[in-house]
Amino acid sequence: MFIIRRSLLINPAFSWRGFCSPPINNKLFVGGLSWSVDEKSLKDAFSSYGEVTEVRIMYDKDTGRTRGFGFVHFSKADEAQCAKDAMDGKAFLGRPLRISFALDKVRGASVVVPRFSSVGDAAKRDN
DNA sequence: GGTGAGCGA
């Protein structure tokens with residue numbers, strides 16, 4: 001029924017290139033950060049959408065500057081979903097944010113980063 | 001330097 005389709009439109013958990021993107025965890029990968037962004041300003045910005053338990057920004061040990069991405073931990077996955085929907089694509093300190101759910105990386109193994117269009121590619125073939 | 005995936009329990 002079309003009521004289902006309308007639910008897909010109004011629910012951010014069901015929109016990712018027109019495909020399902022449920023909150024898989026309460027951690028967000030945040031890319032596209034400005035070079036001058038720091039953890040406290042990032043936490044302050046994301047705290048408006050939920051309880052931020054931890055913020056970690058990756059720094060280059062050689063230059064001491066940020067690598068332009070980081071991770072934000074929320075108390076609840078629902079809050080992470082809300083913050084992602086609200087902040088993704090929004091300008092922060094002059095640069096648009098690129099947010100997605102964090103893929104858990106275990107010590108000693110490289111994180112498997114699927115191309116952010118692999119699922120969408122399947123959806124396009126279906127379309 | 002701008003399409004990017006860490007750290008510590």
Side-chain angles (χ1 to χ4, degrees):
Chain A
M1 302 297 279
F2 60 90
I3 187 67
I4 303 297
R5 178 173 296 274
R6 189 170 67 173
S7 297
L8 298 181
L9 293 177
I10 65 178
N11 193 336
F14 291 99
S15 63
W16 183 46
R17 289 180 172 272
F19 217 75
C20 295
S21 178
I24 42 190
N25 51 40
N26 62 332
K27 284 146 289 192
L28 257 42
F29 170 89
V30 183
L33 292 173
S34 174
W35 306 127
S36 49
V37 74
D38 52 44
E39 296 183 352
K40 63 178 183 303
S41 58
L42 191 65
K43 180 180 186 297
D44 182 70
F46 278 77
S47 295
S48 302
Y49 305 95
E51 183 182 352
V52 178
T53 59
E54 184 177 352
V55 174
R56 193 189 307 276
I57 294 181
M58 310 318 300
Y59 292 91
D60 189 304
K61 62 180 180 59
D62 295 324
T63 65
R65 309 302 173 184
T66 76
R67 293 173 60 186
F69 72 95
F71 297 87
V72 178
H73 294 216
F74 279 88
S75 171
K76 304 175 188 63
D78 179 60
E79 297 173 341
Q81 170 67 61
C82 180
K84 172 181 177 298
D85 181 64
M87 297 293 290
D88 191 17
K90 303 297 182 180
F92 185 64
L93 299 185
R95 283 291 180 176
L97 263 42
R98 302 270 179 183
I99 307 179
S100 67
F101 284 100
L103 307 175
D104 199 9
K105 173 183 176 297
V106 297
R107 174 173 45 83
S110 300
V111 59
V112 50
V113 182
R115 291 196 57 177
F116 292 89
S117 57
S118 55
V119 179
D121 183 71
K124 282 187 292 187
R125 288 193 296 110
D126 181 71
N127 184 27

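Within every chain, numbering begins at 1; the chains are lettered A, B, ... in the order of the sequence lines, protein sequences first and strands thereafter. Since this is a predicted model, take the numbers as computed values, not measurements. Computation of the quantities below employed the complete heavy-atom set of this structure, encompassing side-chain atoms and omitting hydrogens, waters and symmetry-equivalent molecules.
- Summarising the geometry, the separation between CD on A/E39 and P on B/dC7 is reported as 13 Å, rounded to the nearest angstrom.
- A heavy-atom distance below 4.5 Å is not found between the side chains of A/F29 and A/I99.
- Among B/dG4, B/dG1, B/dG6, the nucleotide with an atom closest to any side-chain atom of A/R98 is B/dG4.
- Both thresholds, 5.5 Å between centres and 30° between ring planes, are not jointly met by A/F29 relative to the base of B/dG4, so the two rings are not stacked.
- For A/K27 and B/dG8, the NZ to P distance is 15 Å, given to the nearest whole Å.
- Residues A/R65 and A/D60 fail the side-chain proximity criterion, which asks for heavy atoms closer than 4.5 Å.
- In this structure, the aromatic ring of A/F69 is not positioned over the six-membered ring of the base of B/dA5 within 5.5 Å between centres and 30° between planes.
- Summarising the geometry, the separation between CG on A/N26 and C1' on B/dG6 is reported as 15 Å, rounded to the nearest angstrom.
- Side-chain contact between A/F101 and A/Q81 is present, with at least one heavy-atom pair separated by less than 4.5 Å.
- Every residue two or more places apart in sequence or in another chain was checked for a ring-ring contact (aromatic ring centres under 6.0 Å, His included) with A/F92, and none qualifies.
- In this entry the distance linking CH2 of A/W35 with P of B/dG4 reads 12 Å, nearest Å.
- Put simply, CG on A/L93 is 15 Å from C1' on B/dG2, counting in whole angstrom units.
- Residues A/A80 and A/N25 come closest through the heavy atom pair CB-O, 4.2 Å.
- A/Y49 meets the ring-ring contact (aromatic ring centres under 6.0 Å, His included) test with no other residue; sequence neighbours excluded.
- Residues of residues 53-67 of chain A having a heavy atom closer than 4.0 Å to DNA chain B, listed by number: A/R56, A/M58, A/R65, A/T66, A/R67.
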field: Working for salt bridge (charged side-chain N to carboxylate O under 4.0 Å, His left out), residues A/D38 and A/K40
entry: CA-CA 6 Å; A/D38 52 44; A/K40 63 178 183 303; 2.9 Å; yes
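- A/L28 places its CG atom 16 Å from the P atom of B/dA5, with the value rounded to the nearest Å.
- Atom-to-atom, CZ of A/F71 to P of B/dG8 comes out at 13 Å; the value is rounded to the nearest Å.
- As rounded to whole Å, 13 Å separates atom C1' of B/dG6 from atom CG of A/L33.
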